[in-house]
Structure formats: structure tokens, C-alpha cells
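This report refers to the structure that appears directly beneath it.
First the proteins, then the strands, lettered A, B, ... as listed; each starts at 1.
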There are 2 protein chains.
Amino acid sequence: MTDTLAINRGTQWLTSADLRPTRQRVALAALLVGDGKDRHFTAESLFASAKERGEAVSLATVYNTVRAFCDAGLVQEVTVEGSKSYFDTNTHDHPHFFWEDDQVLTDAPAEELEITRIPAAPEGAEIASVDVVIRLRKTQRQ
Amino acid sequence: MTDTLAINRGTQWLTSADLRPTRQRVALAALLVGDGKDRHFTAESLFASAKERGEAVSLATVYNTVRAFCDAGLVQEVTVEGSKSYFDTNTHDHPHFFWEDDQVLTDAPAEELEITRIPAAPEGAEIASVDVVIRLRKTQRQ
DNA sequence: TTAAGTGCAAATTATTTGCAGTAAG
DNA sequence: CTTACTGCAAATAATTTGCACTTAA
């Protein structure tokens, strides 16, 4: 039942960033990039997914591992909410939808965003990134 | 030495939102809108400013008060950083600069931002707001 | 074999809350 | 008067860390 392809992908992803492919890291990596799709997650949600699949990983290790992935540039932190930290396996600059009702982060179609002019960085500074978060609220249907 | 104009402005600001102008609230309000300029702050930074001016306000009250201001629509929460909550007395939708080195939030000139197209809200949702944060990093000068 | 990774439990940080006392309308 | 506000101190939530143990290279 263990998905060899997902595990291989995860292992490659780790080694490409010079991270030691330990059992725990491979398990988490497989969950994140095993199917090649972009994934949005928090430390807690990743921990929950791991537990669901019966993987033995401690919460502290999930936190440490996600931090390591982020430092290695494998995932991108997305700032959307005061308390929790959200991460995205898609590290390219792109806009996000944040579903306020469910506190869920998803990708917004980058090709539908057109920014034709951006405030210049003030003297002595340069632009590190431009974060665009489109906050969504569910329309109540009656 | 007490700035009557600032206090009056603060008091008006509070009553306009049906908030009881208590001594502590008026002091904080005067710090925030006393000079009519927009202000960016965190609970901690506002607490520090209050202490600096010799105002007797507890940290818990600063937190509660800022939350009350936010709920009343007097200030806007700006999500820029995982840990702390930032607030802005300018409640109009406008872009921000976030100085990563100092963890400081400032306004970006709204007239220099031109978004000509925005991803449509998915079925069943509507756009609550579009947050644009331009992250700045200081250019090291040698 | 050895430096890096793991997993507890305890520490830390930002924030909220319970509750007794205080003050505004 | 009476309801809301204040201020402690304790509670909470997300995350990090110290340290002994384990494991990949």
C-alpha cells in the first residue's frame, strides 16, 4: 500500500536540497510532493495528514521539518493569518485565495492577475516580494 | 503639557464608534489619531508609546482596547507577519510596505499601484479584500 | 563513528480570559 | 445604580528549544 512513486519523489525532493532523507522527512515529503500537485498546509495540518496515514512522526519534528523545508527553499511561507503559519509547495511568486470562513489557503490563477504598476521601493531598499492575498467570504445562498 | 487637541480628537474618534471614552481608551486614542496622521502599530508598540508618555495602562487593556478598536472598525488589522498582529488607523484598502529587517509596517503610495485585472472569486464566494504587501529588504551600501 | 535528526517535555511568545474591583452614563 | 471597563494573574495557542537517544552517511 506504500506508494513507491510518492516516496521516490519525496526522496529526490529532499536530496535536491541537500536534506538527509530520514524516515520522517521522506514520509512528510511524500505527503507534500508525492503526486506532483501543489499543496498548501500548516504544521498542524501536515501532522494530521501524517497521523492519518499511520506515519510515526512527532509534532515537534513536523514543526522542525517544515522549518527546514522552508529554509532550504523547498516550500514558501505564505502570510495570511495572525496565529498560524501557512506554507505552499509552489515556491513561485503567485497570488492566493484565503477562505476566511474555513481558514483555508488555495492558489489563485496567476494569469488572471494583472499588476501594471507597483510602488517603487523607497531609497535604500529593494523589493523582496509582492504578496497578493485575495480574501474570500462565502456568499450565503438562500 | 497634555495635548488638548489630541485628546479631543481621540475622544471624538471613540464616541463616533460608540465606544465609552474611558481614561485609558482616550489616552491610547490620542496616541493613535491625535495628530490626524495614519499610524501603524502592534499592541506591544502602542503599549510602549503609552508607557513612554507616562500613561497608566496595563498591557491586557491595550490588547483588549486594540481588539475593541478593530471590532468597531476604527482600525484595520494588516496581516504581514506570522507572530504579531499589526494594525493601521487608515481603514481604507491600500497597499503596504513591510520592512523585513526592522519588522516595521508603513503605507505604500496607493496611486503608484495599478491592478488592472483580478482573479474572480470562485463560485459561492465573494472577495472580502485584496491585500497587497510589498516586502522590502534593505540594500546594503558599501 | 560522528554529525545530524528525532522526540519528548519544558520554555517561549503573543494573546485572551476569569474575576474582583473601578468608573462612566 | 448598573453595566461596561480595567488590571492583574492564570490560561491558551502556536511554535521553539534543551537534551538524551537514534540513525544516515
I want to verify a distance call: between [options], whose nearest atom is closest to the [X] side chain?
X: A/A60; options: C/dC8, C/dG5, D/dA4; value: C/dC8
X: A/R20; options: D/dT6, D/dT23, C/dG25; value: D/dT23
X: A/S58; options: D/dG7, D/dA24, C/dG7; value: C/dG7
X: B/Q24; options: C/dT6, D/dT15, D/dG7; value: D/dG7
X: A/P21; options: C/dA14, D/dA24, D/dT15; value: D/dA24
X: A/T61; options: D/dT17, D/dG7, C/dT6; value: C/dT6

* Asked: Which residues in residues 72-81 of chain A have at least one heavy atom lying under 4.0 Å from any atom of DNA chain D?
  ->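 Under 4.0 Å from DNA chain D: no residue of residues 72-81 of chain A.
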Lys/Arg-Asp/Glu bridge criterion (N-O < 4.0 Å) met for [X], [Y]:
X: B/D101; Y: B/R137; value: no
X: B/R135; Y: B/E81; value: no
X: A/D102; Y: A/K138; value: yes

* Could you note down all residue pairs passing ring pair (Phe, Tyr, Trp, His ring centres under 6.0 Å) where residues 98-117 of chain B supplies at least one of them, sequence neighbours left out? =>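 Every ring pair (Phe, Tyr, Trp, His ring centres under 6.0 Å) pair that includes a residue of residues 98-117 of chain B, provided the two are not neighbours, is B/Y86-B/F98.
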Roughly, in whole Å, what's the span from [atom1] in [X] to [atom2] in [N]?
X: A/N64; N: D/dT15; atom1: CG; atom2: P; result: 12 Å
X: B/Q103; N: C/dT13; atom1: CD; atom2: P; result: 14 Å
X: A/L59; N: D/dT16; atom1: CG; atom2: C1'; result: 11 Å
X: B/L19; N: C/dG25; atom1: CG; atom2: C1'; result: 15 Å
X: B/D18; N: C/dA24; atom1: CG; atom2: P; result: 18 Å
X: B/E55; N: D/dT6; atom1: CD; atom2: C1'; result: 15 Å
X: B/Y63; N: D/dA11; atom1: OH; atom2: P; result: 19 Å
X: B/R25; N: C/dA24; atom1: CZ; atom2: P; result: 11 Å

Can you check whether [X] has a side-chain N or O nearer than 4.0 Å to OP1 or OP2 of [N]?
X: A/S85; N: D/dT15; answer: yes
X: B/T42; N: C/dA14; answer: no
X: A/R23; N: D/dT23; answer: no

* To the nearest 10 degrees, what angle separates the axes at the start and end of the helix from C/dT1-D/dA25 to C/dG25-D/dC1, five pairs each? ->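 Between the axes fitted at each end of the helix from C/dT1-D/dA25 to C/dG25-D/dC1 lies an angle of 30°.
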* To do: Provide the closest heavy-atom pair for A/N90 versus A/Q76 in the form atom of the first, atom of the second, distance.
  =>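 Shortest heavy-atom contact: O-CB, 4.1 Å.
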* Asked: What are the two closest non-hydrogen atoms of B/V62 and B/A43, and how far apart are they?
  ->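 So the minimum-distance heavy-atom pair works out to CG1-O, 3.4 Å.
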* Calculate, to the nearest 0.5 Å, the distance between atoms NE2 and CG belonging to B/H96 and B/D131 respectively. =>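 Here the interatomic distance stands at 9.0 Å.
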* Inter-residue atom distance B/D38.CG - B/T89.OG1, 0.5 Å rounding ->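 Spacing of CG (B/D38) from OG1 (B/T89) equals 4.5 Å.
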* When you look at B/R117 and A/E111, which way does the salt bridge (charged side-chain N to carboxylate O under 4.0 Å, His left out) test go after all the steps? -> CA-CA 9 Å; B/R117 205 160 145 245; A/E111 65 279 7; over 6 Å; no
* Does the side chain of A/E126 pick up a donor-acceptor pair with the side chain of B/T139 at under 3.5 Å? ->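 Distance-only check fails for A/E126 and B/T139.
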